[in-house]
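Below: one structure, written as C-alpha cells.
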Amino acid sequence: MKISELSPEYRQPPPHAGLLIDLNRVVADVEAFDTSDSSSPEKLAADLRRLLTNLASAASSSSGLDEAFRLKVWHLAFRLWNACVDRANHRFPSRVAEAEIRQAAPELLLVAGLPEDIPNAPAKAASFFHRTGLVWLDLGRADLASACFEKATPLVSAADTEGDRAVLLDLNLARARAASIAGEQALAVALLSRSKPLAAASPEGVKALAEEYLRIGQAALATKPPDPSIDASNLLTEALDLCEKAAASPTTPRTPGSTPATPNLQVIKDQCLRFLAVERLKAKDYEGTLRCISVWRTSLGLGEEHPSIGFMALRARLGCGNLAEAERELETLMANAGAPDFVCVSAAELYLASTGPDAAFKVLVALAARCRAGAAAAAVRVLKKVVETAGGGTGRARAIAELASDERVVKLFDGPANSHERNTMHALLWTCGTEHFHAKNYEIGADLIERSMLYVSHDEESRSRRTNCFRVLCLCHMALRHLDRAQEFITEAEKVEPNIHCAFLKKKEEEDEAIKLMKTMVGYVDFNPEFLTLSIHEAIACKSVRVAIAASTFLLGLYSAGKPMPMTEAAVLRNLIALLHREPGSEAEILKYSRRAKLRMAELGVEAVCGKGTVGLREPNWFAVNTWNMAIKMAKEKKYDYCTVFFELAAEFFSLGNGEDDANRLLVCKSLIMSVSAMLHAEELNKSPLSDSDLKKGIEMLSRAGKLPSAPVTSDQLEDNNLPFLHTFNLYKLLNRMDTSSHPQQLQLVKDFAASKACTPGHLLKLEEIASQGTQPNLQVAEFLLKASITTALASHSPNYGIISFALRRLVCLAGLQDSSGSMSDAVYDVFRQAYQIVVGLRDGEYPFEEGHWLTTTAWNKASLASRLGQRSIARKWMKMGIDLARHFESMKQYVSGMEEHFERFQKVSGKEPDECSQQDGAPSISLSGSVSQPGLA
C-alpha cells in the first residue's frame with residue numbers, strides 16, 4: 001500500500017504547513033502581476049510582513065524549523081526575488097511598496113537560516129540584502145539601505161571564500177555610499193579603508209573601490225561648508241593610486257568573448273586628475289600637482305596641449321623650487337600658439353617672482369617677440385614684478401638698473417603711444433631708488449634714480465619730475481661726500497628750474513648747539529625740510545643719536561602743520577623708532593610713536609601717511625614687525641603689561657597692511673591671541689584678577705581673531721598649527737568666568753574650532769574635559785565635542801578605535817546625565833546604535849576588548865533594569881542591542897547563546913504585543929523597515 005492511499009486521518013501534515021501555503025499564495029500573487037486591489041503592492045507587502053513575523057515565531061519555537069521546511073522557504077524566497085525583478089522591469093508605480101516586497105526575499109532567507117544543502121548560502125542571502133539596499137538608495141532612503149547592508153555584513157564578515165569576500169566588498173562600498181548620502185562622511189571613509197584588503201584581490205575590485213573614493217571625494221568637494229574631518233584631496237589621491245595599482249596588476253589570459261581582467265580605468269583617472277590637479281595646486285602640494293599633470297600629458301599623447309596645463313605645471317615647478325624645469329615650462333607655453341598673450345605675461349610674472357632680475361632680460365626679449373602689439377605693457381608688468389620681488393639687496397638692485405637701462409628695453413617704450421608705460425617705468429625705478437635712499441643705500445639709490453630719468457621726457461610737463469630727480473641725486477651724493485657730483489646736480493636742477501635752492505646744514509661740535517640751530521631754522525618761512533633729513537643722516541654718521549632724535553621730532557612737527565614734505569611721515573616715524581631702539585629703557589617712547597603711527601594711518605589713511613606704491617604698502621608691515629619684536633622682548637623681560645599693548649598694536653598694523661593676504665590675517669590673529677595670553681600672564685604675575693573691562697576686552701580681541709586662514713599642516717609650522725586650539729582654549733577660559741548666558745557662545749566657539757584644519761581628536765577631548773567639569777559645566781558643548789572627536793577619528797586614514805571607544809563611553813555617560821529617565825533615554829540608545837554601526841565589519845581586535853565588553857554588558861544591564869521596572873518593550877529593545885553587539889566581538893560570542901535563550905524566555909513571558917519602541921527610527925526590529933537584530937541561524 002502506498003502512503004497516498006492511506007486514509008486522511010492517518011496522514012499528518014508537516015509542521016507549520018499552513019505558513020508554507022500562505023507564503024506560496026502570496027508569492028504566486030506577486031508573480032501574477034495582478035493589478036487588482038486585492039493584489040496591490042501595499043497589500044502584498046503587508047501580507048509578507050505578517051508572514052515574516054509568524055515565521056520568526058515558528059523559528060524561535062521549541063520545535064523550530066526542520067531542514068526540509070527551510071529548503072522550501074528558500075525556494076519560495078528565490079521565486080519571490082525573481083518575480084520582483086520581473087515586476088521592476090515592468091516599472092510598477094508603487095516603488096516603495098515594491099521595494100518592501102523585494103526586501104521580503106532576503107528576510108525570508110534570514111529567518112529560514114542557512115541550509116547545509118545550499119552552496120554559498122550566506123553569500124546568496126547577503127547578496128539579496130545588498131541589491132535590496134541599492135534599491136532603497138535609488139529611492140532616497142539611505143536609512144533603510146543601511147539597515148539592509150548591516151544585516152548582510154555579518155553573514156559574510158568571516159570572508160572564508162572568494163564569493164564571501166566579493167560580496168563583503170560590495171557591502172562595504174554600498175554602506176560607504178549610504179553613509180555619505182546620510183551625511184556621515186567619516187563613517188564612509190572608515191568603511192572604504194576597511195575595503196582595501198578585500199579589493200586588492202582583483203582589478204575589478206580595485207576599480208570599484210576607486211570609483212567609490214572618487215564619488216565621496218567629489219561629494220566632499222561639493223559640501224559647503226566643507227566637512228573639516230574629511231580631506232577631499234586624500235580621497236581623490238586614494239582613487240588615483242588605486243587606478244594605478246589596478247593598471248599595473250598582471251592580466252590573465254582571456255578566452256574568446258571574455259572581458260579583460262584589468263578594466264578600463266582611463267575615465268576614472270581623467271576625472272581624478274581633473275579634480276585633483278587644481279585642488280592640489282591650491283593646497284600647495286606641488287609634487288602631487290606635477291604627478292597629475294604628467295599623467296594627464298601622457299594620456300593626451302601627441303594631441304595639442306591646453307595652455308592651462310602648462311600654466312599649472314609652471315606654478316608647480318616654481319613651488320618645488322625647480323627653476324630649470326620652470327624655465328622649460330615657460331618656453332613651452334610661449335611657443336604654444338594657442339596660449340593667449342595675457343597667460344604668457346602672467347606666467348612670466350610668476351617665473352620672475354622666483355628667479356629675480358637675473359633672468360628678466362631673456363624673458364623680456366621673448367615677450368617682446370611674442371606680444372608685438374603690447375610689448376611695452378608686457379615689459380612694464382614683468383619689470384614691476386621684478387622690482388616688487390627683488391628685495392633690498394644691492395646686487396639685485398644693480399641688476400634691475402642694468403636691465404632697465406638696456407637700449408633694447410628702452411627702445412620698447414619709444415613713441416607717443418607708450419607714454420603711459422614710460423611714466424609707469426619711471427615711477428617703478430623712482431620708488432625703488434627712493435626706497436634705497438631712505439635705507440641709506442645712497443650709491444644704489446642714486447644709480448636707480450639716474451636711470452629712471454631715461455623714461456622722463458624733456459617736455460614742459462615733465463619739468464618738476466626731472467627737478468625732483470636732480471634734487472634727490474644731489475642729496476645722495478652729499479650724503480656720500482661726493483660734493484663735486486652734488487654740485488653738478490644742483491647746476492642741472494637750476495637749469496631746469498632756476499628758482500630752486502639747495503643747501504647743506506653743517507653739524508655743530510656741540511649737540512645742544514646743533515639742536516638749537518635746527519629749532520631756529522624750522523621757524524624760517526622758506527625753510528626746506530630736506531635740511532632736517534640731511535641733519536638726521538649727518539647725526540647718525542657721527543653717532544649722535546640725541547641730535548638725530550631731535551631732528552626727527554622737529555620733522556614730525558612739520559607733518560602736523562600740514563606742510564608739503566619730500567618724505568613720508570611713516571618713514572620719519574620709522575627712523576625715529578629705529579633711533580630710540582639704541583637708547584636703553586626707551587619702551588615708553590617707542591610705544592608713544594608707534595601709537596602715533598597707528599593713529600595717523602587710521603585718521604588719514606595708509607596711503608597718505610606711508611606713500612603710494614610698493615614702499616607705501618610695506619610701511620605698516622614694518623611697524624607691525626617692530627611692535628611684534630618689542631612684544632617678544634617685553635615678554636622675555638616679564639614686562640607683560642607692555643607686552644599686551646605691543647601685541648595689540650602689532651595686530652592693528654598687520655590689519656592695515658595687505659588685509660586680503662592669508663599670511664597677514666594669520667599674523668593679526670596670532671597677535672591678538674598672544675596679546676590675550678600676555679594679559680593672562682600679567683594677571684597671574686600681578687596676582688590681581690582681571691577687571692570686567694579687561695575681561696570684556698580680552699573676549700572681544702579673541703572674538704575678532706575668529707577663524708585662522710587655512711594652511712597646510714607642516715612640521716615647521718607647529719606653532720601656527722596650534723594657534724586655533726590656543727585661541728579656542730583661551731576664549732573658552734574667559735567665557736567660563738561669565739555666567740551660563742555664555743553657553744551658546746561657547747558652543748559656537750567649539751564648532752568653529754572643530755571646522756578648522758588644525759583640529760585633532762585629542763584637542764576635542766581636552767576641550768570636552770574642560771566643558772564637562774567646573775562649577776558651570778556646559779553639557780551641550782561636551783556632547784558636541786565628543787561627537788566631533790568620533791567623526792574626526794573615523795575619517796582618518798587609520799582610525800584610532802581607542803579614542804573612538806573612549807569618546808563613545810563618555811558620550812553614553814553624558815547622555816545618561818542629560819536624561820534622567822535612564823534606560824528610556826533615546827539619546828543613550830542612539831549612541832549605542834552609532835557604536836553598532838562602527839563595529840559592524842571590523843576585524844577581531846580592532847575595537848578594544850574591554851570597551852566592546854563594556855558596550856555589551858551595559859546594553860544588557862539596561863534591559864535588566866527596564867525589565868524590573870515593568871518596561872517590557874524597552875527591555876526587549878536593549879536585549880536585542882546587547883545580543884547584536886555581542887555577535888561582533890569574538891570575546892563575547894561565548895555568551896550569545898545564553899543571551900538568546902534568555903531573550904526567548906522573556907518573549908514568552910512578556911507576550912507578543914507590538915513592540916512600540918522597536919518601531920522607533922533605527923531601533924532593532926524584524927519588520928521590513930530594517931533591523932540590526934539577527935535571528936538565530938541554523
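These values consider heavy atoms only, across backbone and side chains, with no hydrogens, waters or symmetry-generated copies.
Listed by chain and number, the residues in a side chain to side chain donor-acceptor pair (under 3.5 Å) with Gln837 are Glu150 (sequence neighbours excluded). Residues passing the salt bridge (Lys or Arg N to Asp or Glu O under 4.0 Å) test with Arg131, sequence neighbours excluded: none. With sequence neighbours left out, Ser180 forms a side chain to side chain donor-acceptor pair (under 3.5 Å) with Gln185. Phe889 is linked by a ring pair (Phe, Tyr, Trp, His ring centres under 6.0 Å) to Tyr847, counting only residues two or more places apart in sequence or in another chain. Under the rule for a side chain to side chain donor-acceptor pair (under 3.5 Å), the partners of Arg215 that lie at least two apart in sequence or sit in another chain are Glu212.
In this structure, the side chain of Ser157 engages the main chain of Pro154 through a donor-acceptor pair within 3.5 Å. The main-chain N or O of Glu116 is found under 3.5 Å from a side-chain atom of Glu67 such that the two form a donor-acceptor pair. Remark: side-chain polar atoms of Ser195 are not paired, donor with acceptor, to backbone N or O of Leu198 under 3.5 angstrom. For Asn778 (side chain) and His743 (main-chain N/O), a donor-acceptor pair under 3.5 Å exists by modelled atom type.
A donor and an acceptor atom, one from each side chain of Arg809 and Ser805, are nowhere located under 3.5 Å apart. No side-chain donor from either of Arg876 and Ser867 sits under 3.5 Å from a side-chain acceptor of the other.
A salt bridge does not link Asp66 with Arg70: every distance from a Lys NZ or Arg NE/NH1/NH2 to an Asp or Glu carboxylate oxygen is 4.0 Å or more. A salt bridge between Arg87 and Glu31 is absent, with no side-chain N of the basic residue lying under 4.0 Å from a carboxylate O of the acidic one. Arg887 has a carboxylate O that lies under 4.0 Å from a charged side-chain N of Glu900, or vice versa, which qualifies the two as a salt bridge.
Contact of the Phe149 side chain with the Thr132 side chain is not registered, since no non-hydrogen atoms from C-beta on lie closer than 4.5 Å.
For the side chain to side chain contact (heavy atoms under 4.5 Å, CB included) test with His888, the passing option among Asp844, Ile838, Val840 is Val840; the others fail.
Residue pairs meeting the salt bridge (charged side-chain N to carboxylate O under 4.0 Å, His left out) criterion with at least one partner in residues 785-798, sequence neighbours excluded, are Glu783-Lys787.
Atom CZ of Phe78 sits in a crowded spot, with more than 12 heavy atoms from other residues, nucleotides or ligands closer than 6.0 Å.
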